[in-house]
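Here is the structure we will look at.
Labels below follow one simple rule: chain letters A, B, ... track the order of the sequence lines, proteins then strands, and each chain is numbered from 1.
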2 protein chains.
Amino acid sequence: MNASNSSPTDSGSGPARRRSGTTRDAILTAARERFATDGYERATIRAIAKDANIDPSMVMRYYGNKEGLFAAAVAVDLKLPDLGDLPRQEVGRALVTHFLAMWEQNEVLTALLRVGATNQDGAERMQGIFREEVVPIVVRVCPDPEQVPARAGLCASQLLGLALTRYVLRFPPVVALAREEIVAWLAPTLQRYLTAPSP
Amino acid sequence: MNASNSSPTDSGSGPARRRSGTTRDAILTAARERFATDGYERATIRAIAKDANIDPSMVMRYYGNKEGLFAAAVAVDLKLPDLGDLPRQEVGRALVTHFLAMWEQNEVLTALLRVGATNQDGAERMQGIFREEVVPIVVRVCPDPEQVPARAGLCASQLLGLALTRYVLRFPPVVALAREEIVAWLAPTLQRYLTAPSP
DNA sequence: GACGAACGTCAACACTTGTTGGCCTACAGA
DNA sequence: TCTGTAGGCCAACAAGTGTTGACGTTCGTC
């Protein structure tokens, strides 16, 4: 179905089109918000459409179906910066800092985590991000390739655990922590997972 | 399976009831399984009833409504043992060990985490467990009452992050870790969150 | 044996969901 | 000017949801 193509890349160029990208972006923004707060199932297309002030059928025309909408809403790469030139002992701190900035920048990652908890596709997407963003960093710091997956997994467990308790479950003490406090506490943990000799 | 009359499980009043607890327990078991794998919304009462080989209306009769069923399915206290008599330096290790045993014992906690990610009630229940099980342990180890919530929150972030990546998102490297490896890696982290001077 | 209560089933209700097709409107190019 | 195309809305569909009530069936107790 669909394959209606329309314009593939009209998000930025729209030479003489009608005013279209506006509502497309409105839909995406509303979708991200709903997915982030409600998860996949409870974020209904009707609610998203109402938030974007358009008809539910427009969502279908633009994004095919709900899965397509979700895929478009979370299609974003977090672009971790190149940490290759940092001293090895500072990678842990840089990782936490950037991770926090990413999560507080927009709601895409919260949506992704919330959906990943109940949706297989979401979980696999999360795995993909982990593999393409976290693992490469670990590779640079850890000389033994055999230990890379485990160390990366440990880092992910602490980072995602923080995101879970702070942005999803909203444990008050974790929400109350200042960003610098989080960095101060978590940086040594990650540094150890990255570079300490395997216990 | 007659169980004769000695089943004290039927929650209270009827001393000489009919054989009822059987299906009640079957429903609860099926519900835990479904909630753990599908989350709250996608775990339908019809599917749970089919798993338990009974009619959906029985679920309603026994547990009132879906919320009641969920509450009953996750109504379990994890009974962390008394760690008060342990040396302070070993509390971290004991915490991780027991946490792992709890999660692998049954699916209640996985269900709770999965639901908590998208359901407000589930999230609050998770907070309750955290407050009643984790915080008391931290209180015994940390002398400064003002630091207790933050330290407990940090512990929860690492522990729940491990559960998330291992039992919910199922990151392959984290799933592959042996239990002793997890203990070896996480125990120092928790120990530091518990007793190290605040950074 | 008779009675009543608990166990269990069936069919249906009211509602929400994702999804679809038809219709109207506005603008660009001829 | 006319026309085609895209933007947009409306009403409706089929499927699935939680939930309810009526009806039959079994068993303990009198």
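Dashed line: the shortest gap from a side-chain N or O of A/Thr23 to OP1 or OP2 of D/dG8 is under 4.0 Å.
Following rounding to the nearest Å, B/Met60 (CE) and C/dT9 (P) show an atom-to-atom distance of 16 Å. Taking atom CZ of B/Arg42 as the reference point, atom P of D/dT17 lies 11 Å away to the nearest angstrom. Separating the CG atom of B/Asn65 from the C1' atom of D/dT19 is a distance of 9 Å, rounded to the nearest angstrom. A straight line from CZ of B/Arg61 to P of C/dA6 spans 10 Å, rounded to a whole angstrom. What separates CD1 of A/Ile54 from C1' of D/dC9 is a distance of 10 Å, to the nearest Å. In this structure, A/Asn119 places its CG atom 13 Å from P of C/dG18, rounding to the nearest Å. The OH-P distance, from A/Tyr62 to D/dA6, rounds to 11 Å in whole Å. D/dT19 atom C1' lies 8 Å from atom CD1 of B/Ile45, rounded to whole Å.
Side chain of B/Met58, nearest nucleotide from C/dA12, C/dT19, C/dC7: C/dC7. Taking the side chain of A/Asp55 as heavy atoms from C-beta on, and the options D/dG18, D/dG8, D/dC9, the nearest nucleotide is D/dC9. Which of C/dC10, D/dG8, D/dT19 sits closest to the side chain of B/Ser57 comes down to C/dC10. Here the nucleotide nearest the side chain of A/Thr44, chosen from C/dT17, D/dT19, D/dC9, is C/dT17.
No side-chain heavy atom of A/Ile129 sits less than 4.5 Å from a side-chain heavy atom of A/Met126. B/Leu154 is not listed as a side-chain neighbour of A/Thr165, based on a closest heavy-atom distance of 4.5 Å or more.
Under a cutoff of 6.0 Å and an axis angle of 45°, B/Arg24 and B/Tyr62 form a cation-pi pair.
In this pair, B/Trp185 and A/Tyr193 present their aromatic rings perpendicular. The plane angle is above 60°, beyond the 30 to 60° band.
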